[in-house]
Chemist: 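Pasting a structure here, questions to come.
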Number of protein chains: 2
Amino acid sequence: MGDIQDRVFNFSAGPSVLPVEVLQEAQADLLNWKGCGMSVMEMSHRGKAFQSIIDQAEADLRALLGIPESYKVLFLQGGASLQFSMVPMNLLHPGETADYVVTGSWGKKALQAAKLVGSTKCVWDGKETNYDRLPDLSGLSFTEGAAYIHVTSNETIQGVEFQSDPDLPAPVVCDMSSDILSRPVDVAKYALIYAGAQKNMGPAGVTVVILREDLLARTPENFHPMLDYRLQAENASLYNTPPCWCIYICGLVYQHLLKNGGLQAALERNRRKAAIVYDAIDRSGGFYKGHAQKECRSLMNVTFTLPNEELTKAFLEGAKAHKLDGLKGHRSVGGSRASIYNAFPEEGCRVLAEYMDDFAKKNG
Amino acid sequence: MGDIQDRVFNFSAGPSVLPVEVLQEAQADLLNWKGCGMSVMEMSHRGKAFQSIIDQAEADLRALLGIPESYKVLFLQGGASLQFSMVPMNLLHPGETADYVVTGSWGKKALQAAKLVGSTKCVWDGKETNYDRLPDLSGLSFTEGAAYIHVTSNETIQGVEFQSDPDLPAPVVCDMSSDILSRPVDVAKYALIYAGAQKNMGPAGVTVVILREDLLARTPENFHPMLDYRLQAENASLYNTPPCWCIYICGLVYQHLLKNGGLQAALERNRRKAAIVYDAIDRSGGFYKGHAQKECRSLMNVTFTLPNEELTKAFLEGAKAHKLDGLKGHRSVGGSRASIYNAFPEEGCRVLAEYMDDFAKKNG
């Protein structure tokens, strides 16, 4: 029990696989972090030890993403789901409209939450083709003077991903939960980026918000403290006790990425990994059907269906013998989904592709 | 580095010390929980493994506190600070008033947050004597038909703690962040109990809310999802990805408490531990002055001052040689504060008391 050699290939859509080296370091230091006499879970968030952890995490995240000085980095709680509400609560004033580009299940949820706060406009919705494609953003008609334009860089359920940073006529707010740190990003193209940690950064329980400083002036006066970007920024994420352990693990992941060539190297690994699985789909002669249109295929979540329910069931069942775990597709797409975030090993993609080939040959 | 024998006596007010056995179990299972092939940090919150973890945690918490069937247990994010807002957002309707008993810094913050939501009445405030005492709750005049009465069972900064459960004419909402699980509680005396985990339950990043089911009807229709008790209850805390690791550690702490005699045994240990430190104050002939009046002394946070700033500094500096860490008092009270939550070892109280005796003898 608990042996490292018994780890499975974990295709979970999130929470998801973390680098083994990160887990090993956390394990070694669990009872006594760097000789300070206590666990990271036990230390005061007002003490020097934890301050050094959160400072280093922020510095490393800034280094990885090349975050400009004029942007604040916040470590908050509540996941992307709380950001769905906090973004309009802070940035959408009465009399203004926020534009939403709905490219999948998460964008839809973000729009629904914003509707409870203020005026919104859905400028594009891919539901007609079950979110299998992305719009050309430059061809959409946005609200003149929109408070912001909300996009979702990667949709985990449908497996569609924008391949480049948008250039739009209003402040861009981007839910980057499922592909942050998977490729270099031009942060200056965004007004605000938010991301739950549990795909590419760390454990569930911490949400990173990267926002341009001038946006802080838009938070209403005397707002609810825990929902107030300005207050959180003024207190450098320490207005109240932050999720210390989760921030610590994110920090270890950032260091691991820096040691391994940063985001350009991550992108190359991710392209290689995704190609291994997409190639298995494409050479199956139609046995596997990719859900996403080819030009907007996600490098993070590979979604595909099989000829029928029975074969899908047999495919998922048979995967277990190869230590392939978490391949079931979301019910709204069906079939199978292979989530292959940053920390997912290339070896696992190869094992999956071989299994796919084999299964198609036997059942095609 | 990282050795168990080098752990300090950690008097941090929170996050704070966890049982060594809990940390050891978490460490052993960190890369591969119970042979499932992955870390608790990596597993899907929709899978069987995590479902068993959260179900067991809830069952054990219910067993410890004797939570009636008619109460829901939620594992949320945002700490007590978010509850300061969520309580009135969900429970305080237009035209109603919520009563607040302000017995220290946290009660004050709760009231301030509620004022941003609706009509409140401060029925008692201990600021005149710097929150060194507690009111007789039965003697206060509450608002007729108050939406609820908010109390703070233990104030960490001032070190005052209610010794019994209140019996009040309106639904009682209690911030139990810093003394939950330190003694048996009659949950039926409360309408809603909330508690950040990071004192007696686990790591920072998860907040437990225990509320009477009928209160769920009070949440406004179409409310912001992540701030909506009803939605969280309907989804059994899995509306979005919960802070899985933090819930897991809480679960281990609950099991540890159950194995060690439950809350009655915890109360006896806590009484013994607190007596060791309070006795050192009381026998010092006035060298140490307890901040809290004797009849409302907290079993969790022992607050005391020394004759002057210089001696306070020397006392805190000298403590380090005895591996006594985190004894600095909060600036609003000054002096020293020994937070001795459930998991703090009795041995540490003895070492502190001896050091106090010794320091007083040399400097008194």
Side-chain angles (χ1 to χ4, degrees), chain A residues 1-4 6-8 10 12-18 20 23-24 26-35 37-39 41-45 47 77-79 81-82 84-85 113 116 196 198 203-206 222-227 239-246 249 323 325-326, chain B residues 1-4 6-8 10 12-18 20 23-24 26-35 37-39 41-45 47 77-79 81-82 84-85 113 116 196 198 203-206 222-227 239-246 249 323 325-326:
Chain A
M1 189 146 64
D3 283 344
I4 180 170
D6 294 329
R7 282 171 57 88
V8 296
N10 176 9
S12 170
S16 49
V17 62
L18 289 165
V20 173
L23 295 175
Q24 285 172 325
Q27 183 178 46
D29 285 345
L30 197 132
L31 275 95
N32 188 346
W33 183 78
K34 307 287 175 210
M38 61 186 80
S39 170
M41 288 184 269
E42 303 174 295
M43 56 178 64
S44 170
H45 58 299
Q77 297 187 57
S81 293
L82 186 56
F84 294 165
S85 298
L116 299 172
Q198 67 269 18
V206 60
N222 291 315
F223 201 56
H224 312 294
M226 289 297 292
L227 306 174
Y239 170 75
N240 74 333
T241 317
C244 303
W245 174 264
C246 301
I249 300 290
K323 290 196 180 181
D325 190 277
Chain B
M1 188 147 63
D3 284 344
I4 180 171
D6 294 329
R7 282 171 56 88
V8 296
N10 176 9
S12 169
S16 48
V17 62
L18 288 166
V20 172
L23 296 175
Q24 285 172 323
Q27 184 177 43
D29 285 345
L30 197 132
L31 274 95
N32 188 348
W33 182 79
K34 307 290 177 208
M38 61 186 81
S39 170
M41 288 185 269
E42 303 173 297
M43 55 177 66
S44 169
H45 59 298
Q77 296 186 56
S81 293
L82 185 56
F84 295 166
S85 297
L116 299 172
Q198 66 270 18
V206 61
N222 291 316
F223 201 57
H224 311 293
M226 288 299 292
L227 306 175
Y239 170 75
N240 73 333
T241 317
C244 303
W245 174 264
C246 300
I249 300 291
K323 290 194 182 185
D325 189 276

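Letters A, B, ... mirror the listed sequences (proteins, then strands); counts begin at 1.
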Chemist: Run the side-chain hydrogen bond (donor to acceptor under 3.5 Å, both in side chains) test against A/Ser16 and tell me which residues pass, sequence neighbours left out.
Modeler: none

Chemist: A side-chain contact here means heavy atoms from C-beta on lying under 4.5 Å apart; do A/Pro225 and B/Leu82 qualify?
Modeler: no

Chemist: My understanding is that only residues two or more places apart in sequence, or in another chain, count here; which of them pass side-chain hydrogen bond (donor to acceptor under 3.5 Å, both in side chains) with A/Gln77?
Modeler: none

Chemist: Quick one: does B/Arg7's side chain have a donor or acceptor within less than 3.5 Å of a partner on A/Asn32's backbone?
Modeler: no

Chemist: Is the backbone N or O of A/Glu42 less than 3.5 Å from a side-chain atom of B/Asn10, with the two atoms forming a donor-acceptor pair by type?
Modeler: yes

Chemist: With a 4.5 Å cut-off on heavy-atom pairs, point out which of B/Ile249, B/Leu116, B/Val206 contacts chain A the most.
Modeler: B/Leu116

Chemist: Heavy-atom pairs under 4.5 Å with chain A: which of B/Gly78, B/Gly205, B/Cys244, B/Gly196 has the most?
Modeler: B/Gly78

Chemist: Given a strict heavy-atom distance threshold of 4.5 Å, which part of B/Phe84 is in contact with chain A: side chain, backbone, both, or neither?
Modeler: neither

Chemist: Please check if the side chain of B/Asn240 supplies one atom and the backbone of A/Gly79 the other of a donor-acceptor pair under 3.5 Å.
Modeler: no

Chemist: Could you report the tightest heavy-atom contact between A/Leu30 and B/Trp245, atom names first, then the distance?
Modeler: CD1-CZ2, 4.4 Å

Chemist: I need the B/Ser81 OG to A/Leu227 CG distance, nearest 0.5 Å.
Modeler: 11.0 Å

Chemist: Using the side-chain contact (heavy atoms from CB on, under 4.5 Å) definition, which of the options B/Met41, B/Met43, B/His45 pairs with A/Pro15?
Modeler: B/His45

Chemist: How long is the span from the CG atom in B/Asp6 to the CG atom in A/Leu31, to the nearest 0.5 Å?
Modeler: 11.5 Å

Chemist: Can you tell me which of A/Cys246, A/Gly14, A/Ser12 forms the most heavy-atom pairs within a distance under 4.5 Å of chain B?
Modeler: A/Ser12

Chemist: Side chain, backbone, both or neither: which part of B/Ser85 has a heavy atom under 4.5 Å from chain A?
Modeler: side chain

